[in-house]
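Throughout, a chain's letter reflects where its sequence line sits, starting with A, and its residues are numbered from 1. Heavy-atom basis, side chains included; hydrogens, waters and symmetry copies ignored.
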Amino acid sequence: MLDVKYLRADPEAVAVQLARRGFEFDVAGFQSLEERRKALQTRTEQLQAERNSRSKNIGKAKAQGQDIAPLLADVERLGGELDAARAELDSVQNSLTALTQGLPNLPHASVPDGKDENDNVEVRRWGDPRPAEGAKDHADLGEALGLMDFAMAAKLTGARFTVLRGQLARLHRALAQFMLDVHTTEHGYQEVYVPYIVNGTSLLGTGQLPKFGEDLFTLQGDHDWRLIPTAEVPVTNFLRDEILAAEELPQRWVAHTPCFRSEAGSAGRDTRGMIRQHQFDKVELVHASLPEHSYETLELLVSHAEAILQKLELPYRVVALCAGDMGASAAKTYDLEVWLPSQNTYREISSCSNCEAFQARRMLARYRHPETKKPELLHTLNGSGVAVGRAMVAVLENYQRPDGRIDVPTVLRPYMGGLEVIG
RNA sequence: GGAGAGAUGGCCGAGUGGACGAAGGCGCUCCCCUGCUAAGGGAGUAUACGGCUUAUACCCGUAUCGAGGGUUCGAAUCCCUCUCUCUCCGCCA
């Protein structure tokens, strides 16, 4: 959510900044709603104040044994007026909330202009991409080894799921373990284990709701429960309704969880292989930061994700997303894209964002300012460190031998019982 | 799943219809006193929002005693629904 005060003070400036994302903000509509809200709220609160003071008088009169009948008659009309005013205020406020909760974050000044992924800006590259010639894709490699089974997954569930067996199942686990170990022992993260099911309030806090509910799997039953689309949701919501001491910042958490996405609207995209699944594992990094440090924290976060790819010796590039390609909660996002020889291109394997106070404002995540002693919104950041499924895809494709067997990256061998080659 | 008890401010804890945003204690902040490794005295100490405002400073107002709804002129207090916690039983990893 954006700062309402700023929205009111300078809606045109907000509209200009949101236009960079291709988002059209209806300034006139907002302002007319605001005017009505202001008038109604003032009136409602006045009526409430009046009712409160009269009710107190009734109490006093009663205590003194006076006749309260005339006072009751006097206050009678207030009830109806108050109810009407309140109802009208509620409806205006609901419209306003719907409008403001639907607004995406303002892009940071350093975010490049552009409307989609084609306008993203490459920041740097690492490693030497192996040529595409003769490279098989991960699905062919895995199926040929007999260790990756899409047909079985389709039988069990449906499209966009995978069954892994044997050394590939272990490779998948090894990757997750390796990433967790690097982040906890070298980068100072606290490992956390969290629910894979969250309530609607949590999803509202991180911004998946109210606008992006169709991307989520909803559970049946009495609870307002959904499967997490990313560990960002449960972990960031640690901070909801909390006021941290300034000394408690920064906080760094890492969680390995499955992620569930309905992939609504992705029909036909990446239907082959493990690139785009309804269920995938991810190691997620979440930071809570002082506002003044959040941009250096973002660079740090990216470097932590990069460290994983470097240790795995997977070629990648870092891309700054343009304003039009960023997620709604982000003020600035870097993607890490790993080299996939079968596609002769780089594909997203991590996305690292500074949400500034956008999520913090929704979830009232604050810290106590050491000088003013007042609660202030903190900044939240999150990034994949990295997607486990896609990391496995990248390992298969980049470490494939001409005979279809797979070299095990050196750093993973301790996690694979010393195994050097799969197949 | 069954039975019972509970949810109040940073913490503990009082409060069963009226001057209660909430006694008291602890903690914390500031001041005073005290020359000693102690103690005492005083003041202050929730959050969100609205109005006013150059102001996130005052001031005024509204809301919040787990959440939502209801009764009432008036609800922390009464009623309903839900959530969570604890105890016992059952079941289970």
Side-chain angles (χ1 to χ4, degrees), chain A residues 1-10 30-31 33-97 99-101 193-205 219 221-226 234 237-249 290-292 356-357 359-379:
Chain A
M1 224 156 82
L2 301 178
D3 182 0
V4 222
K5 292 197 171 130
Y6 180 53
L7 258 179
R8 287 181 193 137
D10 203 347
F30 170 75
Q31 283 176 322
L33 268 175
E34 252 303 294
E35 267 172 47
R36 288 182 60 205
R37 188 226 98 228
K38 192 164 162 178
L40 283 166
Q41 181 163 352
T42 310
R43 175 166 162 67
T44 305
E45 291 189 353
Q46 272 170 0
L47 285 169
Q48 280 173 326
E50 203 175 327
R51 186 210 58 195
N52 287 348
S53 78
R54 292 190 188 198
S55 292
K56 279 190 179 172
N57 287 337
I58 291 175
K60 282 184 202 167
K62 210 173 170 184
Q64 292 165 13
Q66 297 171 8
D67 178 19
I68 58 168
L71 291 170
L72 283 176
D74 193 35
V75 86
E76 198 174 316
R77 68 173 170 85
L78 273 177
E81 265 183 76
L82 187 55
D83 284 348
R86 215 183 256 158
E88 214 179 330
L89 177 63
D90 279 353
S91 114
V92 170
Q93 249 159 0
N94 287 342
S95 311
L96 262 179
T97 310
L99 196 156
T100 53
Q101 289 217 326
Y193 170 80
V194 294
Y196 304 156
I197 297 172
V198 291
N199 57 36
T201 311
S202 293
L203 289 156
L204 218 46
L219 273 62
D222 295 333
H223 297 282
D224 179 22
W225 282 357
R226 295 168 215 241
N237 272 279
F238 282 4
L239 299 160
R240 193 173 80 225
D241 294 321
E242 299 288 342
I243 302 175
L244 303 183
E247 309 82 66
E248 293 179 90
L249 294 173
L290 289 170
E292 56 267 37
E356 297 190 8
Q359 295 178 326
R361 190 171 290 112
R362 287 172 170 239
M363 60 173 84
L364 278 183
R366 294 163 296 173
Y367 71 101
R368 201 169 288 282
H369 195 281
E371 274 149 40
T372 65
K373 309 285 185 201
K374 297 265 184 191
E376 307 271 355
L377 295 171
L378 47 77
H379 283 190

Tell me what [X] touches on the nucleic acid: a base, only sugar-phosphate, or nothing, going by heavy atoms under 4.0 Å.
| X | result |
| --- | --- |
| A/R368 | sugar-phosphate |
| A/R86 | nothing |
| A/N57 | nothing |

Looking only at heavy atoms, which two atoms of A/L377 and A/R361 are closest? And how far apart?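 For A/L377 versus A/R361, the nearest heavy atoms are CD1-NE, 3.6 Å.
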Looking only at heavy atoms, which two atoms of A/P234 and A/V194 are closest? And how far apart?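 For A/P234 and A/V194, the tightest heavy-atom pair comes out as CG-CG2, 3.7 Å.
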Using the [atom1] atom in both, what is the distance from [N] to [M], to the nearest Å?
| N | M | atom1 | result |
| --- | --- | --- | --- |
| B/G25 | B/A14 | C1' | 11 Å |
| B/A55 | B/U45 | P | 25 Å |
| B/U71 | B/A75 | P | 11 Å |
| B/A22 | B/G9 | C1' | 9 Å |
| B/C73 | B/A67 | P | 25 Å |
| B/A5 | B/U62 | C1' | 35 Å |
| B/U87 | B/A93 | C1' | 23 Å |
| B/C86 | B/G27 | P | 29 Å |

Whole-Å distance between [N] [atom2] and [X] [atom1]?
| X | N | atom1 | atom2 | result |
| --- | --- | --- | --- | --- |
| A/L47 | B/C73 | CG | C1' | 14 Å |
| A/R8 | B/U56 | CZ | P | 12 Å |
| A/L33 | B/G50 | CG | C1' | 17 Å |
| A/K374 | B/U29 | NZ | P | 18 Å |
| A/R37 | B/U62 | CZ | P | 17 Å |
| A/K56 | B/A75 | NZ | P | 12 Å |
| A/E242 | B/G10 | CD | P | 11 Å |
| A/E45 | B/C49 | CD | C1' | 7 Å |

Strictly below 4.0 Å: does [X] bring a side-chain N or O up to OP1 or OP2 of [N]?
| X | N | value |
| --- | --- | --- |
| A/R51 | B/A63 | yes |
| A/R43 | B/G51 | no |
| A/N52 | B/G74 | no |

Is there a Watson-Crick or G-U wobble partner for [N] with both distances under 3.5 Å, and which nucleotide is it?
| N | answer |
| --- | --- |
| B/G1 | B/C89 |
| B/A14 | none |
| B/A19 | none |
| B/A43 | B/U29 |
| B/U71 | none |
| B/G61 | B/C49 |
| B/U37 | none |
| B/A7 | B/U83 |

Measure the acute angle between the ring planes of A/Y367 and A/H369, then classify it against the limits of 30° and 60° as parallel, tilted or perpendicular.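 Geometry flag for A/H369 against A/Y367: tilted rings.
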Under 3.5 Å, is there a donor-acceptor pair between the A/E45 and A/Q41 side chains?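 Yes, side-chain donor-acceptor contact under 3.5 Å.
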For the side chain of [X], counting heavy atoms from C-beta on, which of [options] is nearest?
| X | options | value |
| --- | --- | --- |
| A/S55 | B/U47, B/U62, B/C73 | B/C73 |
| A/K38 | B/A63, B/G51, B/C73 | B/G51 |
| A/I58 | B/U62, B/G18, B/G50 | B/G18 |

Heavy-atom nearest nucleotide on RNA chain B for A/L364 versus A/E376: which residue maps closer to 5'?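 Mapping each residue to its closest nucleotide by heavy atoms, the 5'-most match is A/L364.
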With nearest nucleotides of RNA chain B determined for A/K5 and A/A49 from heavy-atom distances, which residue corresponds to the more 5′ nucleotide?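 Nearest nucleotide further toward 5': that of A/K5.
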For atom CZ of A/R54, is the number of surrounding heavy atoms from other residues, nucleotides or ligands below 6.0 Å larger than 12?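 Atom CZ in A/R54 is crowded, with more than 12 foreign heavy atoms closer than 6.0 Å.
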For the side chain of A/R362 and the backbone of A/Q101, is there at least one donor-acceptor N/O pair under 3.5 Å apart?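 Yes, because the side chain of A/R362 sits within donor-acceptor range (under 3.5 Å) of the backbone of A/Q101.
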Judged by atom type as modelled, is there a donor-acceptor pair below 3.5 Å linking the side chain of A/R37 to the main-chain atoms of A/V92?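 Here the side-chain-to-backbone pair does not exist.
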Charged N to carboxylate O under 4.0 angstrom, A/D10 versus A/R8?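 So A/D10 does not pair with A/R8 through a salt bridge.
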Base of B/G50 paired with side chain of A/Q41 (donor-acceptor, under 3.5 Å):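 Absent.
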